[in-house]
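These notes are about the structure you will find just below.
We name chains A, B, ... by the order of the sequence lines, and we start the count at 1 in each one.
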Amino acid sequence: MDTYFEYVRNANGLKIACEELSREPFLGLDTETSELDPYKGELRLVQLSSGRKTYVFDLLPFRAAGDLKSNGELAPLRRIFESETQTKILHNAKFDAKWIRHQLGSEIVNVFDTYLASQLIAAGDSERRHSLADVAQYFTQTTLDKTEQVSDWTREELSASQIEYAARDAAVLPPIYEQLAARLKADDLERVARLEFECVMPIAEMELSGFAVDKSRWQTQFARVTAAAAKAADELQDILSAGVSQASLFGRAEINLDSQQQVAEALRNLGVPMPESMRAWQLQPLAEKYPVIAKLLEYRVVQKAATSFGENFLEFIEPATGRIHADFRQIGAPTGRFSCSNPNLQQIPHETEYRSCFCVSENRNLVIADYSQIELRILAEFSGDEKFIEAFASDADFHRMTASQVFNVKPEDVTDDQRSFAKRLNFGIVYGVGASRFGMMTGLSQSDAETTMRRYFATYRKLDAYLRDSGNRVISERTARTASGRMLRLRFDENDRQSVGAARRYGVNMPIQGTSADILKRALRLLHDSIRGTSARLVNIVHDEVVVECDEGEAESTAEKLNKALSAAAEEYVKKVPIRVDVNLSHKWDK
DNA sequence: GTGAAGGGCCAC
DNA sequence: AAACGTGGCCCTTCAC
């Protein structure tokens, strides 16, 4: 690449370069670091590019004066990061934002993330890749060589090739931005793009903050489930080996209890009638008649607990902070939902034994806020069904209210069965449940299930109409959108009923699930702005739940801020249906 | 040994 | 005629 760049390694050069850069409305921004984890390595280079001119700032010389955070010579750089009028173009901005926040103390304001933009434009096309090299190729037809990316960024004298690589990675960003910005506009994705970009900094800070976990409490819990798993395994082996002839000769014939094949064979030998699959819900009906099935199900539960939520979990504790810094993917699903890994903090079991391990000291507080029935409220909003909306009007039990409407009885006369049917339908319709599956989970016959569903949709006619129209539109337009404009392109074979059916369910669900994600992201930005300068830190999010940690003395005011942020965010998208946010104060992640 | 695929199951 | 949406983690199995 023929971009002219300059390598800056002193305060005066930095000051002059930043004066020039501060006149640019759009700047490519990239960093080079010695590690992937800001708690482990060092930020070495910061690159800023207008597209025409690129500066590579080497921070190594500045480290001689001590902590970079308190180094006034870097102030011109910080002013650019924090400038509201200059758009900073980054690829996967969360990564650089964490380093800059942690090591330079700056928040990056006004982010344009080419990674997120590329994902939004791809609209769920899983074939498309979103690395910087892929995005550069796709949008600007330039080929990037990434071999220097993993080179040694700790050596005192960087090679010419390393510096040139660093410069180029920032210089490619402005032209990519031009293309992406045009596409976002053309596809009507500007609102959702802003939503995503404004969410980067809150997530970067959340990952830096980490989530507090009590190591010894966790160890106690996992010792308990490990023992339970061992005991269940032993008992299960005993029963299963009864059907194996070698047992008497060589003692117990051990099988691998985690192998569905081997377990299925052993069960067959014992004369257990085998269902289609070995899944718990299929095995459950057999548990009463066959103690071995009950034991197998018991084993699975404790084994899952002992492996997925065992000692391995503690390996994720960062020594520098003593906390868990999980990895959140902002567009983790095409619907816009987050995903989380290493570890996945969105799938911690509900049991108090687990949740109470996430706890804070006496002088700190967790503030836990969650949306009540947010997806159903979104569905009510989209459908405009007055009767369905009416069920949300009071603060009363929503499933009981719908049961009352569907079965035409007073709320206080709703039977447990009626409430349960209504509850399962309320959840099921969001996913496009059919009578067959509904019957399966309620124990109703196919025809009784159909009758109940007909009754449900007869009660909520507009809801029924909305779901049908939405499904038809998904198939005819081959796209679905959320309230913020997030788009999903559906791929299906119109001659294949199964494929069409799947696309329809997926496309009907996406605007609901995705609008919920839109609302959460908006809430995170509002929250981020309202807790700035306080002791409050965002520490976890789980789709419709937000967990904040703060000083004990600020617990009440933080709770109020959380309530306000979540309510205001939802009310930007949901106008006709009341929104309910529940906020709890606790020392542990337990409601 | 390594990696992909698939079963099963945790969360929402 | 119909078929419950999104993720990640652990395990086995199977191909290379």
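Residues passing the salt bridge (charged side-chain N to carboxylate O under 4.0 Å, His left out) test with A/Asp518, sequence neighbours excluded: A/Arg486. A search for salt bridge (charged side-chain N to carboxylate O under 4.0 Å, His left out) contacts involving A/Arg505 returns nothing, not counting sequence neighbours.
Rounded to the nearest 0.5 Å, atoms CG (A/Asp544) and OG (A/Ser372) are 9.0 Å apart. If you take CD1 on A/Ile239 and CG on A/Leu296, they are separated by 9.5 Å, rounding to the nearest 0.5 Å.
Side-chain contact between A/Asp214 and A/Phe358 is absent, with no heavy atoms from C-beta onward closer than 4.5 Å. A 4.5 Å side-chain heavy-atom check between A/Leu488 and A/Thr335 finds every atom pair outside the cut-off.
Across all strands shown, A/Ser277 has heavy atoms under 4.0 Å from sugar-phosphate atoms exclusively, and none from any base. As judged by a 4.0 angstrom heavy-atom cut-off over every strand, A/Ala305 is placed among residues making no nucleic acid contact. When heavy atoms are screened at a 4.0 angstrom cut-off, A/Ile348 is found touching the sugar-phosphate backbone but no base atom.
With hydrogens and angles disregarded, a donor-acceptor distance shorter than 3.5 Å links the side chain of A/Asn312 to the backbone of A/Gly310. A donor-acceptor pair is defined here as one N or O able to donate and one able to accept, closer than 3.5 Å; such a pair exists between the side chain of A/Gln237 and the backbone of A/Ile255. Between the side chain of A/Ser277 and the backbone N or O of A/Arg279, at least one donor-acceptor pair lies under 3.5 Å.
Listed by residue number, A/Gln498, A/Arg505, A/Tyr506, A/Asn509 are the residues of residues 480-512 of chain A with a heavy-atom contact under 4.0 Å to DNA chain C. Across residues 422-446 of chain A, A/Tyr431, A/Gly432, A/Val433, A/Gly434, A/Ala435, A/Ser436, A/Arg437, A/Met441 each have a non-hydrogen atom less than 4.0 Å from an atom of DNA chain C (numbered order).
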Notebook entry, point to check: How far apart are the C-alpha atoms of A/Asp113 and A/His91, what are their side-chain angles, what is the distance that settles it, and do they pass the side chain to side chain donor-acceptor pair (under 3.5 Å) test?
Noted result: CA-CA 5 Å; A/Asp113 191 327; A/His91 192 78; 5.1 Å; no
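Comparing the same atom, P, in C/dA3 and in B/dC10 gives a spacing of 25 Å after rounding to whole Å.
Ring geometry for A/Tyr460 against A/Tyr456 counts as perpendicular: the plane angle is over 60°, on a 0 to 90° scale with 30° as the lower cut. A/His325 and A/Tyr39 have tilted rings, their planes meeting at an angle from 30° to 60° on a 0 to 90° scale.
We find that CG of A/Asp544 is positioned 13 Å from C1' of C/dT6, with the value rounded to whole Å. Distance, A/His543 NE2 to C/dG5 C1': 12 Å, rounded to whole Å.
Heavy atoms of other residues, nucleotides or ligands lying less than 6.0 angstrom from NZ of A/Lys231 number 12 at most.
In summary, contact between chain A and DNA chain B, defined as any nucleotide atom under 4.0 Å from a heavy atom of the protein, begins and ends at B/dG8 to B/dC12 in the 5' to 3' direction.
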Check: In the 5'-to-3' direction, what one-character label does each nucleotide of nucleotides 8-16 of chain C receive under the scheme B = base within less than 4.0 Å of a protein heavy atom, S = sugar-phosphate only, - = no such atom?
Finding: BBSSSS---
